[in-house]
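Atoms within each ligand, like the ligands themselves, are counted from 1 in listed order.
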Amino acid sequence: MTARDTANDTDLHAFRAEVRAFVAAALPQAVRDKVRLGLEPGKAEVQAWQARLAQQGWLVPNWPTAWGGPGWSEEQRAVFHDELVLADAPESGGISIAMVGPILIRYGTPAQQQHFLPRIVNQEHWWCQGYSEPNAGSDLASLKTRAERRVNANGEEVYVVNGSKIWTSGAHHANWIFCLVRTDTGGRPQEGISCLLIDMQTPGVSVRPIRGIHGWSLFNQVFFDEVEVPVAHRVGEENAGWTIAKSLLEHERLNLARVAENRRRLAKVRQIGLQLHEAGVPLARRPWFQQRYRELEVRLEALAATVLRFRQQAQDGASLGPETGMLKLIGSTLIQDIENLAVDAIGPDSLACDRAAHVELPELAPGRSPYAPAASARRFVTRGYTIAGGSSEIQHEMLAKQVLGL
Ligand SMILES: Cc1cc2nc3c(=O)[nH]c(=O)nc-3n(C[C@H](O)[C@H](O)[C@H](O)COP(=O)(O)OP(=O)(O)OC[C@H]3O[C@@H](n4cnc5c(N)ncnc54)[C@H](O)[C@@H]3O)c2cc1C
């Protein structure tokens, strides 16, 4: 280890302590409890938390300083993210900060940047992502939502959008949607796609929530019926949307392993193991539980070490190859196995999937684990992790072709 490494470690240690102290002071305990128990905090709670982060200058850690970013290194961002997850903070930013901001910073016009970026930071705009369609998911390039260029009744040049998007997470809370639309039907499907920024208050936009098997409505179908979008709200060139959409993956790669989230969920399972008993013995001392718990722990540490190795490579200036696809695959499977153990440990008590437990802490019957009300729902929510953002089958295929050369 060099003197520079040691200095860097000390700085990171101090930074971690600073983030931890801030979160301890700024995040209300009730919100923290909800997140810890697997519930979804309400929009108002997330907004209040994000406002606090914005006040601190920490809401947009992945943005350049010119647009409000704190100017952190990749390592500091990773520490910050880990500390927030481990402290049971609500997920902040989402599509707006992780996706729309970076796209506008890279591809937006100065006018788009000046209009939209500050409105993300002050939370006037909440974004959702309109990529998938009823017949376009893994094969996204086959999307059909049509945007035709016309002159409207006021003499303005607009795109008129018709079609539908599905599985749109958070569209019921959002007021803007970042959409991939078809602007050309000739040539390769990838070449006729454009990116539009659409105000969801525009006449012709409607949102239908989709209730999941867990009883929660996390995503939606969004319909567009003759929706007029100013041409100035197109990002990048017409028909260049595919390149822009794909570039986003670069912003996500290292976080897709969900190391901190896996760690937090495994800590929950540990608590369950200590609290609940089987045949008069804490579950944590029953061999079946111990074996599964230890195996998950080993898998988590192996994943964490692999992520660290990639981070080190990135820090040293090496470009990250398609190998990072394995991080999403392993991290999403791991979290499902963790949630499965939680449900198995809680037993039949977890099957009463409390719909009210979505956003409100339920009253607990005597002897019931505080983790029971949301356990089933949480298992079904994580079921989606191996589908969203590219299914496991697609990841396997990419790894086979691009990494193993099969
Ligand atoms: C929790 C969650 C949140 C989401 N949020 C959003 C969002 O906010 N915005 C958005 O636009 N979309 C969102 N999605 C949609 C997501 O991107 C799609 O579900 C995903 O891309 C898969 O597409 P699909 O559902 O159409 O399944 P399909 O593509 O129809 O796939 C069905 C099955 O076939 C398999 N398959 C497909 N093609 C191949 C192949 N070539 N080789 C092998 N197997 C294959 C798949 O792995 C899958 O098992 C979300 C999904 C989930 C689960």
Are there any protein N or O atoms under 3.5 Å from the N or O atoms of ligand 1? List them with distances, or say none.
| unit_1 | atom_1 | unit_2 | atom_2 | d |
| --- | --- | --- | --- | --- |
| ligand 1 | 5 (N) | Trp167 | O | 3.0 |
| ligand 1 | 5 (N) | Ser169 | OG | 2.8 |
| ligand 1 | 8 (O) | Ser169 | N | 3.0 |
| ligand 1 | 8 (O) | Ser169 | OG | 3.3 |
| ligand 1 | 9 (N) | Gln129 | O | 2.8 |
| ligand 1 | 11 (O) | Gln129 | O | 3.4 |
| ligand 1 | 11 (O) | Tyr131 | N | 2.9 |
| ligand 1 | 11 (O) | Ser132 | N | 2.7 |
| ligand 1 | 11 (O) | Ser132 | OG | 3.3 |
| ligand 1 | 12 (N) | Ser132 | OG | 2.8 |
| ligand 1 | 17 (O) | Ser132 | OG | 3.3 |
| ligand 1 | 23 (O) | Ser138 | N | 3.3 |
| ligand 1 | 29 (O) | Ser138 | N | 2.9 |
| ligand 1 | 29 (O) | Ser138 | OG | 2.6 |
| ligand 1 | 42 (N) | Glu397 | OE1 | 2.8 |
| ligand 1 | 47 (O) | Ser391 | OG | 2.6 |
| ligand 1 | 47 (O) | Glu393 | OE1 | 2.6 |

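Note: Phe380 and Trp216 fail the aromatic proximity criterion, with ring centroids not under 6.0 Å apart. Note: Trp127 and Phe178 fail the aromatic proximity criterion, with ring centroids not under 6.0 Å apart.
Atom CD of residue Glu295 and atom CG of residue Leu334 lie 9.5 Å apart, to the nearest 0.5 angstrom. Taking OG of Ser376 as the reference point, atom CD1 of Ile213 lies at 9.5 Å (rounded to 0.5 Å).
When each of Arg264, Arg263, Lys34, Lys268 is tested with Asp88 by the rule salt bridge (Lys or Arg N to Asp or Glu O under 4.0 Å), just one qualifies, namely Arg264.
A search for side-chain hydrogen bond (donor to acceptor under 3.5 Å, both in side chains) contacts involving His115 returns Arg119, not counting sequence neighbours.
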